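Down below is the structure, laid out as C-alpha cells.
This structure is a prediction, so every number in the text was calculated from the model and none was measured. Below, chain A is the first sequence line, B the second, and so on; all start at residue 1.
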Protein chains: 2
Amino acid sequence: MTPPAKSLSVAFGATAPRTLGAPAPVISISELKIHCATCSVRELCLPVGLNSEEVAQIDVLVGARVRLRKGDALYRVGDPSAALYAVRLGSLKTTVLAEDGREQVAGYHMLGDIIGLDGIGSGHHGCQAQALEDTEVCVLPFERLEDLARDLPPLQHNLHQFLSREITRDHNIMLLLGSMRAEERLAVFLLNLSDRYRKRGYSSTEFVLRMTREEIGSYVGLKLETVSRLFSRFQEEGLIQVQGRAVKLLDLTALKRIIGQRG
Amino acid sequence: MTPPAKSLSVAFGATAPRTLGAPAPVISISELKIHCATCSVRELCLPVGLNSEEVAQIDVLVGARVRLRKGDALYRVGDPSAALYAVRLGSLKTTVLAEDGREQVAGYHMLGDIIGLDGIGSGHHGCQAQALEDTEVCVLPFERLEDLARDLPPLQHNLHQFLSREITRDHNIMLLLGSMRAEERLAVFLLNLSDRYRKRGYSSTEFVLRMTREEIGSYVGLKLETVSRLFSRFQEEGLIQVQGRAVKLLDLTALKRIIGQRG
DNA sequence: CGACTAGTTGAGGCCAGTCAATGTTGGTGG
DNA sequence: CCACCAACATTGACTGGCCTCAACTAGTCG
C-alpha cells in the first residue's frame, strides 16, 4: 500500500509529539536502527519464543525510535493511529479526556510496555500519551505489524496477548475504581508499581514516583489532597516511607492486608 | 493441531456453562449449523466488507451455538479460554471478581457483541460471563480464528478492531468511575444503552433493563439505593419514566446536559 | 530574588453510603 | 385461581469518607 520508508514519516507527521500548549515541538527521531536482537528489553516486548531468524524479521518492522522530553506528547486524542510503541527508556502516562475537559489517567507505562493499542479499531487514538520523563520508544507501524503477524504465528499470538492483557488490566482498574476505598486504592497502586519494578529487575521496595500526587489521584479516582494525606498516614503507621516522590515500602504484608478490608 | 470437531467439544468441556451454585448444569448445545451468510446479526459481528466466499470460510469456523438460560454462566474466572463468543440472542453481563469476593460488573453485552476477548492473553478467563436472560451465543474457537485470520486480512483486521474497541470502551468506563458524579454516571449509562439499542434497530427511548439495580450500581460504581433514588429523581424531573425495569427516556437533551456538569 | 509548581495539613461541608422499614413483583405450588 | 415466598425495589433517617477551600511550606527555574 504505502512504501515502507515513506509510510513511517507520514506516521510521524500525523502523530508528531509535541509539548502541550507549546507552539513548536522539538522532537528527536533517531533513524539509527536499534536491533531487537541486541535490545535489552526484548524479552519484555517479545515474551514468547521467537527464534533468531524470526527476531530478524521483526527488526525490519521496527521503524525508528522516538525521543521524548518530559511533558512531550507521543500522540493525542484524535491523532490518526498508525503504530504501536514499545517503551525502551523512561515512562509515560496515558490519559482519557472527557468532552468537558476532565482528565483521567488510564495507565502508567514503563520499560518494555507496549502502548497505542487503543487506536487500532477506530484508526485514531482515543487517549493521549505523554512522557513523564525523558523517554524513548520504538515505533511499530501497525500495518506492517499485521502483515508480519500473518507470516509469523508466534508474533500474531503475541499481539493478541498484548491486546488481551490490556483488557484484563483495565478490568482490574475498573474493579479498583468501582468498589475500593481510598486506602485500598493507594495500596493497590503502590503494590502494582512494586511488582512491575521487580519484574524489570529494579528494587521492588524503593523507587521514585514519576508522577505528581494529582496524577496518582486521577489514576485511582481520588483527589490529590487525599493521596497526600494517605501517604502521610501510611508513613505514620510504618507501612511506607515517603520523601516527596521517593517511596520506600517498609511493610509489604501490611500493605497487602489493607486490600480487601471493608470500611 | 487439534482435530476440528474434537477441539470444539474439548472447549465445551472446559467452559461448560452452569448455573452458579446449582449442582447440575442444564445447557443446550445446538450442533445445528447457523450460517453466517444468512445470520441476521452478521453485520454486527463482521462489520467490514467480506465477500461471500470469505463469509463462507468463516462459516466453517463457527463451531456451534450455546444456549444459556437466565443465570447460567458461559464461563467463569479461571476457566481455560479457548474461544470467543458472539451474542446471537439475549444478553449477558461480565463481572470481575476481587479476591475478597467483591464483584464489579465490567460490561453488559447484547446482540452482535463479541465477548471472551480477555482470555486470550493468559489462556484463561479473567472474568465471568453470565446470561441476564435466555441467551444464545456462537462459539468461535480462538485457535481456528487465528488460523483463518492469517489467510483473511480483513478478518484479521476485524479481530484487532474488536480487541482495540474493547480497550477504548474500558477507558471510557474508567473515566466514568474515576471522575463522574452519581447523576452523570447514571445518565451515561442510560444514554449508552439507548445508543446501542438504536444501532440495533430497537427503540432508543423505550426499553426494558435486563439487570437489577444492584447490577447497574456495580457497573457504574454506586450502591443500589443510590441508583434507585436517582431513577426516582430523574422521573420527578421529567427526564425519564421508570416502572420497575421498563424505562422510557423522555428528554435525551436534558440527560446529555447532565454529563459534564460539575457538582 | 520572585514567580511558579508541587506537596502538606487543617477545618468544614456534602454527596453517597449504611441501616432499616416497607412496598412491589414474579414465580411456584396447593 | 390465589396464597405464599423470595427477590427486587423504594424511601427515609442518619453517618461518614472523601472533597472543597484555604493557608502554608519546600523546591525549582528564569
Nearest-angstrom distance from the residue atom CG of Leu224(A) to P of dA23(D): 17 Å
Nucleotide nearest Ala182(A) (side chain, heavy atoms from C-beta), chosen from dC18(D), dC19(D), dG7(C): dC18(D)
Between dT11(D) (P) and Arg233(B) (CZ): distance, integer Å: 13 Å
Donor on one side chain, acceptor on other, Gln130(A) and Gln128(A), under 3.5 Å: yes
Touch class at under 4.0 angstrom, heavy-atom based, for Ser228(B) against every strand present: base
Rounded distance in Å - CG (Leu209(B)) to C1' (dC8(D)): 13 Å
For atom CZ of Arg245(B) and atom C1' of dA9(D), their distance in whole Å: 10 Å
Salt-bridge contact Arg181(A)-Glu183(A) (side-chain N to carboxylate O under 4.0 Å): yes
Donor-acceptor under 3.5 Å (Ser218(A) side chain, Val105(A) main chain): yes
Sugar-phosphate only, base, or nothing, as touched by Gly221(B) at under 4.0 Å among non-hydrogen atoms: sugar-phosphate
Donor-acceptor side-chain pairing of His109(A) and Ser91(A) below 3.5 angstrom: no
Phosphate OP1/OP2 of dT10(D): any Arg213(B) side-chain N/O under 4.0 Å: yes
Of the listed nucleotides dT10(D), dA11(C), dT18(C), the one nearest the side chain of Ser232(B): dT10(D)
Interatomic distance, Glu225(A) CD vs dC18(D) C1' [rounded to whole Å]: 10 Å
Geometric class of the Tyr197(B)/Tyr202(B) ring pair [parallel <30°, tilted 30-60°, perpendicular >60°]: perpendicular
Residue whose nearest DNA chain D nucleotide is more 5′ - Thr226(A) or Gln243(A): Thr226(A)
Rounded interatomic separation in angstrom, taking CD from Glu214(B) and C1' from dA16(C): 16 Å
Atom-to-atom span, CZ of Arg229(B) to P of dC14(D) - whole angstrom: 13 Å
Nucleotide dC29(D), atom P - distance to CZ of Arg69(A) in whole Å: 13 Å
